[in-house]
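Keep in mind that what you see is a predicted model, and the values were worked out from it rather than measured.
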Amino acid sequence: MPEAEHIEGIITGGTYDIHTLNLYTSDGTVIDLRGILVSMQITYSMHLQGVYGTITISESLGADQQFGIHGNEFIEISVVVPSLEDSPLNVFAAISTLCNRTIAPGGRQQLYELQFLSLELYRSKQQRIRRTYKNMLISDMVQSVFDSYMKNGEEGRPLEVLDESAGSHSVIVPNLFPYDTVNWLTTKCESSRHTNSSNYYFFERPSGYILTTMEELYTYPIAQFYILGAVNIDPITSRNVADVYRSLRAVRVVREVDSYQDSMNGIYASTRMSYDPVLRNSKITTFDYFESYEDFEHLNSGYPNDRPMLSNNRDLGKLNETCIYLSNKHYCSWGTQSDSLSSDENALSRNSYGYQYGLESGIRLEVEANGDPRRVVGEVVNVSLPSAMPVSDEKESSHKYLSANYIILSVTHNITVGGVGKDSMYTTSMELGSDTFGNAF
């Protein structure tokens, strides 16, 4: 088991201690896997919703024959980072399969993976919902689905609703899995706090589940400030003395603004042609991103300039025919008291900002930091990336546009065990997204 490297009280990045790695078999046997572990990955994602992970095992004792995988095995993980003992990485999940087995010549040595996923997700895919909800908040419907079909008993982790929905609605759930039901309901949710909000998001954190909007997540303070490079080196002693968790080990920009693709998706402008067979009227509504921009929350609002747009080409807002929606609708088809979600104007703006907040458009980074179990999906972090331009003022050394606030879309904890020619290492990889630049053009 890797031990943390301590140098005169200084903790180096990437060190970790695995306190627990227990496999619970179907007959109640507990097997400690720490001695045969090669690597481990644990992923939380806003889009995957539940936790997913893999444990790679290398052994020559036939350990797999002690726990034939047949659907009632569980994994318990606890990883502690020195200096962060109060924030361990704890996971208790269901084993779904044993896969990718490689057997060495002679058959004595084998390498394979154990894949696991959330208990709630595992339970969700084993049942379907056929029921009616009448005159309820959609956030209350999600809470009911979670408690009745997903939560693992009275001691299971909770669902926290950060942004309660608005308006009473009636819904018939048409034989869907619980997770699919929640996904369907989130597309119909309207925020009680944020006007014309984007769709809701339902995702898992180590402490439990979250139901909220991106706009609500944007209101929380910055959880961490990151900079690319070794910010933790004392210039006098050249020793690692600062916060090792601020330093990014690697950054890859995976998406920047694509005005052509964004126009095709209706980000900047679109048209909605709707017909109501009940009221017997039709309507054509157009959307202009630039005209409605100030009415919505944005991630970099006020930092360092006020809400810097993704583009300064306002002509894109006039290209309404690049994306046309045809819809057959009735104003009260969804709900008994609120019909605002059915309005053509809101439907178009939710499409535009749904793409941005979901980060199908906008800016996305993939970053790698020293292992940090504190980072969770939905947090806001600030990233400072270097500029390639020669500058005389150190304050201008950051990239003008890419240095900005980002929201964490996914977190992957990567743990590798040292061996011949290898170092033990714990890193945290994150997918970050933003709907705005750090500075206006």
Which side-chain N or O atoms in residues 259-269 pair as donor and acceptor under 3.5 Å with protein atoms at least two apart or in another chain?
unit_1: Asp262; atom_1: OD1; unit_2: Arg255; atom_2: NH2; d: 2.8
unit_1: Ser263; atom_1: OG; unit_2: Ser259; atom_2: O; d: 2.7
unit_1: Asn265; atom_1: ND2; unit_2: Gln261; atom_2: O; d: 3.4

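- For the pair Arg364 and Glu256, the salt-bridge criterion is not met [side-chain N within less than 4.0 Å of a carboxylate O].
- Between Gln224 and Tyr245 the shortest side-chain heavy-atom distance falls below 4.5 Å.
- A donor-acceptor pair under 3.5 Å links the side-chain atoms of Arg157 to the main chain of Arg205, judged by distance alone.
- Partners of Tyr52 by ring pair (Phe, Tyr, Trp, His ring centres under 6.0 Å), not counting sequence neighbours: none found.
- Between Arg130 and Val173, every side-chain heavy-atom pair lies at or beyond the 4.5 Å cut-off.
- Phe296 and Ser349 get closest at one heavy-atom pair: CZ-CB, 3.6 Å.
- Side chain of Ser58 to backbone of Val38: no donor-acceptor contact under 3.5 angstrom is found.
- The cationic group of Arg128 lies under 6.0 Å from the six-membered ring centre of Phe177 and within 45° of the ring axis, placing it in a cation-pi geometry.
- In plain terms, the two heavy atoms of Thr285 and Lys283 that are nearest each other are OG1-CE, 3.6 Å.
- Only one option out of Ile55, Thr56, Thr54 pairs with Gln41 in a side-chain contact (heavy atoms from CB on, under 4.5 Å); it is Thr54.
- Under the 6.0 Å cut-off for aromatic ring centres, Tyr209 and Phe146 qualify, their centroids lying closer than that.
- Taking CZ of Phe437 as the start and CD1 of Ile363 as the end, the distance is 4.0 Å to the nearest 0.5 Å.
- With hydrogens and angles disregarded, no donor-acceptor distance shorter than 3.5 Å links the side chain of Gln115 to the backbone of Ile95.
- With sequence neighbours excluded, the residues that form a side chain to side chain donor-acceptor pair (under 3.5 Å) with Ser165 are Ser139.
- Residues Thr187 and Tyr200 fail the side-chain proximity criterion, which asks for heavy atoms closer than 4.5 Å.
- A side-chain donor from one of Ser118 and Glu204 sits under 3.5 Å from a side-chain acceptor of the other.
- The side chain to side chain donor-acceptor pair (under 3.5 Å) test applied to Asp372 returns Arg374, Arg375, not counting sequence neighbours.
- Atom CZ of Phe202 is separated from atom CD1 of Ile210 by 9.5 Å, given to the nearest 0.5 angstrom.
- Judged by distance alone, the side chain of Thr186 and the main-chain N or O of Asn183 form a donor-acceptor pair under 3.5 Å.
- For the pair Arg246 and Tyr226, the cation-pi criterion (under 6.0 Å, within 45° of the ring axis) is not fulfilled.
- Taking the six-membered ring for Trp and the full ring otherwise, the centers of His298 and Tyr293 sit less than 6.0 Å from each other.
- Phe290 is listed as a side-chain neighbour of Leu316, based on a closest heavy-atom distance under 4.5 Å.
- Lys134 and Ser170 get closest at one heavy-atom pair: CA-OG, 3.6 Å.
- With hydrogens and angles left out, the side-chain atoms of Ser384 and Ser398 include a donor and acceptor closer than 3.5 Å.
- No donor-acceptor pair under 3.5 Å is formed between the side chain of Asp17 and the backbone N or O of His19.
- The distance from the OG1 atom of Thr286 to the CG atom of Asn320 is 4.5 Å, given to the nearest 0.5 Å.
- Judged by distance alone, with hydrogens and angles left aside, the side-chain atoms of Asp435 form a donor-acceptor pair with the main-chain N or O of Leu299 at under 3.5 Å.
- Within 6.0 Å of CG on Asp295 lie more than 12 heavy atoms contributed by other residues, nucleotides or ligands.
- Checked by atom type and distance alone, the side chain of Ser270 never pairs as donor or acceptor with a backbone atom of Phe287 at under 3.5 Å.
- Donor-acceptor pairing under 3.5 Å is recorded for the side chains of Asn300 and Thr436.
- No side-chain donor-acceptor contact under 3.5 Å links Arg272 to the backbone of Leu348.
- Annotation: Gln126, atom CD; neighbour count of heavy atoms from other residues, nucleotides and ligands within 6.0 Å is above 12.
- There is a side-chain donor-acceptor pair under 3.5 Å between Thr25 and Asp27.
- Shown here are the side chain to side chain donor-acceptor pair (under 3.5 Å) partners of Thr271, two or more places apart in sequence or in another chain: there are none.
- Between Ser144 and Arg131, the shortest heavy-atom distance links the atoms OG-NH1, 4.0 Å.
- Side-chain contact of Ser429 with Asn414: a donor-acceptor pair under 3.5 Å is present, judged by distance alone.
- Side-chain contact check for Tyr24 and Glu76: at least one donor-acceptor pair (N or O, by modelled atom type) lies under 3.5 Å.
- Interatomic distance, CG of Leu185 versus CG of Asp180, reported as 11.0 Å (0.5 Å rounding).
- A donor-acceptor contact shorter than 3.5 Å links the side chain of Ser403 to the backbone of Leu385.
- Contact annotation: the side chain of Leu310 approaches that of Val257 to within less than 4.5 Å [non-hydrogen atoms, C-beta and beyond].
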Decide yes or no on side-chain hydrogen bond (donor to acceptor under 3.5 Å, both in side chains) for Thr43 and Thr412, but give the supporting numbers first. CA-CA 4 Å; Thr43 298; Thr412 299; 2.9 Å; yes
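- Not one N or O on the side chain of Ser124 forms a donor-acceptor pair closer than 3.5 Å with the backbone of Glu120.
- Residues Tyr406 and Asn382 have side chains not in contact (no heavy-atom distance under 4.5 Å, counting atoms from C-beta outward).
- Once rounded to the nearest 0.5 Å, the distance linking OH of Tyr220 with CG of Leu217 reads 7.5 Å.
- Here the shortest heavy-atom pairing between Pro88 and Val80 reads CB-CG2, 3.9 Å.
- With sequence neighbours left out, Ser197 forms a side chain to side chain donor-acceptor pair (under 3.5 Å) with no residue at all.
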Check the pair Asn90, Ser78 against side-chain hydrogen bond (donor to acceptor under 3.5 Å, both in side chains), reporting the backbone distance first and the verdict last. CA-CA 5 Å; Asn90 293 331; Ser78 181; 2.8 Å; yes
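- Using the six-membered ring where Trp is involved, Phe92 and Phe74 have ring planes that are parallel, under 30° apart on the 30 and 60° scheme.
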Under the criterion side-chain hydrogen bond (donor to acceptor under 3.5 Å, both in side chains), I'd like the reasoning laid out for Tyr133 against Asp140: C-alpha separation, chi angles, the key distance, then a yes or no. CA-CA 10 Å; Tyr133 294 97; Asp140 288 344; over 6 Å; no
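- For the side chain to side chain donor-acceptor pair (under 3.5 Å) with Ser198, the qualifying choice from Glu297, Glu215, Arg350 is Glu215, the only one to do so.
- Annotation: Lys125, atom NZ; neighbour count of heavy atoms from other residues, nucleotides and ligands within 6.0 Å is above 12.
- Pairing each heavy atom of Val145 with each of Pro178, the nearest pair is CG1-O, 4.0 Å.
- Inter-residue side-chain proximity for Met430 and Thr428 is flagged as met; some heavy-atom pair is nearer than 4.5 Å.
- Thr132 contributes atom OG1, which lies 4.5 Å from atom CD1 of Ile172 (distance to the nearest 0.5 angstrom).
- In this structure the side chain of Tyr149 reaches within 4.5 angstrom of the side chain of Ile129, judged on heavy atoms.
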